[in-house]
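Worksheet: the structure to be examined is printed underneath.
As a basis for the values below, the full set of heavy atoms in this structure was taken, side chains included, without hydrogen atoms, waters or symmetry mates. A note on names: the letters A, B, ... follow the listed sequences, proteins ahead of strands, and every chain is numbered from 1. These figures come from a predicted structure and were not determined experimentally.
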2 protein chains.
Amino acid sequence: MSNIREVARLSGVSVATVSRTLKDPRLVSPQTRERVLKAVEETGYRPNLLARNFSSGKSYAVVVLVPNVANPFFSKVIRGIEQAAQDQGYSVLLGDTQGKPEREHFYAGMALTSQADGLIQLDCRYPFAGKDAALAASVPMVNACERIADDASYPVVELDNRSAARAVARHLVALGHRRMGVITGPAASPIVRDRLAGFCEVLRESNLELDEALLVNGEFTLSSGARGAETLLSAKRPPSAIFCMNDEMAIGAIHQIKKKGLSVPEDISVVGFDNIEFASFTDPPLTTIDQPAEELGRRAMETLLQIIAGSQPQEKRTKLSYELVVRESSGQCRD
Amino acid sequence: MSNIREVARLSGVSVATVSRTLKDPRLVSPQTRERVLKAVEETGYRPNLLARNFSSGKSYAVVVLVPNVANPFFSKVIRGIEQAAQDQGYSVLLGDTQGKPEREHFYAGMALTSQADGLIQLDCRYPFAGKDAALAASVPMVNACERIADDASYPVVELDNRSAARAVARHLVALGHRRMGVITGPAASPIVRDRLAGFCEVLRESNLELDEALLVNGEFTLSSGARGAETLLSAKRPPSAIFCMNDEMAIGAIHQIKKKGLSVPEDISVVGFDNIEFASFTDPPLTTIDQPAEELGRRAMETLLQIIAGSQPQEKRTKLSYELVVRESSGQCRD
DNA sequence: AAAATAAATAATAACGATAACGGAGAGAGA
DNA sequence: TCTCTCTCCGTTATCGTTATTATTTATTTT
């Protein structure tokens, strides 16, 4: 691989001139410029960005901590992040944490060793630990989709989860449901709490209440949705509607309900959250909350880049709009 | 952020000694070691890896070109890649190409500017273009899942797609199907051709043939599967079984078939390919070919690392084993 | 105790690009 | 003609780390 010195030698100028030609051609006379560009062409020279980044002290890369890349919702968020990154000449280092703290520490550490200029956390844990935590104060970081519990110091790009869950509850109440089940996500997650709070608010407002026995923990996976539904169906008094906090669990739940010989929505209504592609291809198509996943990612990245650039982010807490998409998995209560 | 000089000053040794203490502690005396480590502790020093990489001329990163991160199959492959990468101290730069050549060029270019030490291509296009192509000869690259058309010079980690498709065909023939439809992937893809070849082989061996009218192009997406099924159903003589070259298209196809009032597998059998998580949660659960996605990724990364390390890869063409998973979307032909 | 050897540490030159600085030459104004 | 200004370009220090070479100190051998 040729370097700047070789190009300089070939075109008979100094390395500085080559550097200038490539970074700001106006600083170089047309004749020289041409000579240099010809040499660049001949050698196929491409500036060594590792060296450039080292020289500038920046990596032009950001780390994204994803609990699970295989989750279609996160995939879409990542796509948005990447697009915004590429637009500004940044690259994305993918950190699939699998929800494990030690993997989070590992990837977050990259921001402390100049391998990344900042990070986006899609989970709810503070990713630094031990001595790293002290040094991490100055690391640009933003939360997206989730929120770090007990820490309001980082910008967050999220949905108005509480309102969205309220919309789900209103929808179900309007359909006449009185006895509802919920399959949540991990209990530690702030957005899970937001959604639950919003959902329960509406129930209370309608003089209903959530039976503790109909509140099941899930893990945002297909199989945990199926398990959750199983639990709810075998309750003494099963619910007539189930709110699942993501679409995968909802799909798992529908699967399980049908397996038991019941039908959706005739016997039980099911509502999801996220509106992943698969949601419109289930049988019946899933009623769910549409999250603008790509935009969430894009906005998170833009916010992060603002911080990296040294400016205060325009808003500390970006809330994007959701939309209740009513399909066929929710219907009138038959009880 | 503190640097090695500061640690050296604080512990009263030279920078070289600090470097040695961290890279190979046996080279320094226990007392010195302790002094240095104490200074490291105090300052919270972490070596600047950007500088280290620059110094060593390697980035310890690889680029992965993915046609679509939101595809669950690729997500699993990526997870495998990442795991193998992390095991060996490498990081993964994600390049979501969206199948666009210019995005492939962009990301592939990172290997020419020392931003990456190699790349994994999950699509079937040669990712370098123009002058880059000449320089790219020495760039470590491996293909996974797909194969670059007309180029056998790069190692490939793939399934025995031909045999897998043969297994699908045998399964359908054994169920009595005589008239079959196929929803393929992009026509340019070598693996699509492999699968089609294998499928047709078995038909011929059974004295059947594939009606050209029942061969539809898809794009590996849910909606293209639905469109494909629509086309097949409105053929003059519709098929009694459809082979979809991935699960998403199969799920789209089932959706469309049911929408038309037909049932799977009673009226039409559907077989997919990949065995993504969703495949066991469809109604009916999908008969499909299980691809060891994570292992494909892991093996690809391991092969790439071998090449980066300078050794010839153990095998130029790694073929992993598949498994036909028979669920309920395929059944006896009723015609 | 002197010499030979081994161990530990210091000094310094890379790595490739950039930025700060300064010098040379051309053209303008006095 | 002299100076001033401006354009263009070369020289060199710099970034943080590691590898190489050189030097000092400690240990062993005679």
Side-chain angles (χ1 to χ4, degrees), chain A residues 1-40 43-61 89 109-117 135, chain B residues 1-40 43-61 89 109-117 135:
Chain A
M1 206 106 73
S2 49
N3 59 20
I4 199 171
R5 250 188 298 277
E6 197 181 327
V7 176
R9 197 177 45 71
L10 217 88
S11 46
V13 300
S14 72
V15 294
T17 302
V18 176
S19 178
R20 271 189 292 258
T21 307
L22 297 174
K23 284 214 95 179
D24 189 353
R26 292 168 312 165
L27 296 174
V28 174
S29 75
Q31 306 96 297
T32 312
R33 200 186 305 159
E34 205 179 328
R35 275 219 314 281
V36 172
L37 291 177
K38 186 158 153 284
V40 167
T43 55
Y45 169 71
R46 297 275 296 260
N48 182 325
L49 294 188
L50 201 52
R52 175 183 288 179
N53 291 349
F54 164 62
S55 181
S56 72
K58 296 180 62 179
S59 64
Y60 294 97
M110 298 177 103
L112 296 173
T113 57
S114 294
Q115 294 198 105
D117 297 342
L135 303 163
Chain B
M1 207 106 73
S2 50
N3 59 21
I4 200 172
R5 250 189 298 279
E6 197 181 325
V7 176
R9 197 176 44 71
L10 217 88
S11 47
V13 300
S14 72
V15 293
T17 302
V18 176
S19 178
R20 271 189 297 259
T21 307
L22 297 174
K23 284 214 95 180
D24 190 353
R26 294 168 312 167
L27 295 176
V28 301
S29 72
Q31 306 96 297
T32 312
R33 198 187 307 159
E34 203 179 331
R35 275 219 315 280
V36 171
L37 291 177
K38 187 158 151 284
V40 167
T43 55
Y45 168 72
R46 297 276 295 262
N48 181 325
L49 294 189
L50 202 51
R52 173 183 292 178
N53 292 348
F54 164 62
S55 179
S56 72
K58 297 180 62 179
S59 65
Y60 293 97
M110 298 177 103
L112 297 174
T113 56
S114 295
Q115 292 197 104
D117 297 340
L135 303 163

Decide yes or no for [X] and [Y]: does some side-chain heavy atom of the first lie under 4.5 Å from some side-chain heavy atom of the second?
| X | Y | value |
| --- | --- | --- |
| A:T21 | A:T32 | no |
| B:L49 | A:M110 | no |
| A:V36 | A:V28 | no |

Exercise for the section: May I ask you to evaluate whether B:N3 reaches the phosphate of D:dG16, defined as a side-chain N or O under 4.0 Å from OP1 or OP2? Expected result: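 It does, given that an N or O in the side chain of B:N3 lies less than 4.0 Å from OP1 or OP2 of D:dG16.
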
Exercise for the section: Without swapping roles, check the side chain of A:T43 against the backbone of A:A39 for a donor-acceptor pair under 3.5 Å. Expected result: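 Yes.
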
Please table the atom pairs, donor to acceptor, closer than 3.5 Å between any side-chain atom in residues 2-11 of chain B and protein atoms at least two apart or in another chain.
| residue | atom | partner | partner atom | Å |
| --- | --- | --- | --- | --- |
| B:N3 | OD1 | B:R5 | N | 3.2 |
| B:N3 | OD1 | B:E6 | N | 3.0 |
| B:S11 | OG | B:V7 | O | 2.6 |

Exercise for the section: Please round to the nearest 0.5 Å and tell me the distance separating atom OG of B:S114 and atom CG of A:N48. Expected result: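 CG of A:N48 is found 3.5 Å from OG of B:S114.
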
Practice task
Could you tell me the separation between the OG atom of A:S29 and the CD atom of A:Q31, rounded to the nearest 0.5 Å?
Solution key: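 Reported to 0.5 Å precision, the distance equals 4.5 Å.
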
Starting at [atom1] of [X] and ending at [atom2] of [N], how long is that distance when rounded to a whole Å?
| X | N | atom1 | atom2 | result |
| --- | --- | --- | --- | --- |
| B:Q31 | C:dT9 | CD | C1' | 13 Å |
| A:N48 | D:dC15 | CG | C1' | 14 Å |
| A:R5 | C:dT18 | CZ | P | 13 Å |
| B:E6 | D:dG16 | CD | P | 11 Å |
| B:L49 | C:dC15 | CG | C1' | 16 Å |
| B:L112 | C:dG16 | CG | P | 16 Å |
| A:L50 | D:dC15 | CG | P | 18 Å |
| A:I4 | C:dA14 | CD1 | P | 18 Å |

Practice task
For residues 30-39 of chain B, pull every pair meeting salt bridge (charged side-chain N to carboxylate O under 4.0 Å, His left out), keeping only residues two or more places apart or in separate chains.
Solution key: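 Pairs touching residues 30-39 of chain B that pass the test: B:K38-B:E42.
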
Exercise for the section: Scan for salt bridge (charged side-chain N to carboxylate O under 4.0 Å, His left out) pairs involving residues 45-54 of chain B, sequence neighbours excluded, and state none if there are none. Expected result: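 Checked against salt bridge (charged side-chain N to carboxylate O under 4.0 Å, His left out) - neighbours excluded - the pairs reaching residues 45-54 of chain B are A:D132-B:R46.
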
Problem - B:L22 to B:P47 - nearest heavy-atom pair and separation - result: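 Of all heavy-atom pairs spanning B:L22 and B:P47, the closest is CD1-CG, 4.4 Å.
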
Handout entry: Closest approach of B:N53 to A:Q115 (non-hydrogen atoms, all atoms of both residues)
Key =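 So the two residues come closest at ND2-OE1, 4.1 Å.
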
Exercise for the section: Pull out every residue in residues 12-27 of chain B that has a heavy atom closer than 4.0 Å to any atom of DNA chain D, ordered by number, or say none. Expected result: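 Only B:A16, B:S19, B:K23 qualify.
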
Problem - Residues in contact with DNA chain D, drawn from residues 51-60 of chain B - heavy-atom cutoff 4.0 Å - result: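 Those residues are B:A51, B:R52, B:F54, B:S55.
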
Exercise for the section: Rounded to 10°, tell me the angle between the two end axes of the helix from C:dA1-D:dT30 to C:dA30-D:dT1, each built from five pairs. Expected result: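 It comes to 50° between the two terminal axes.
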
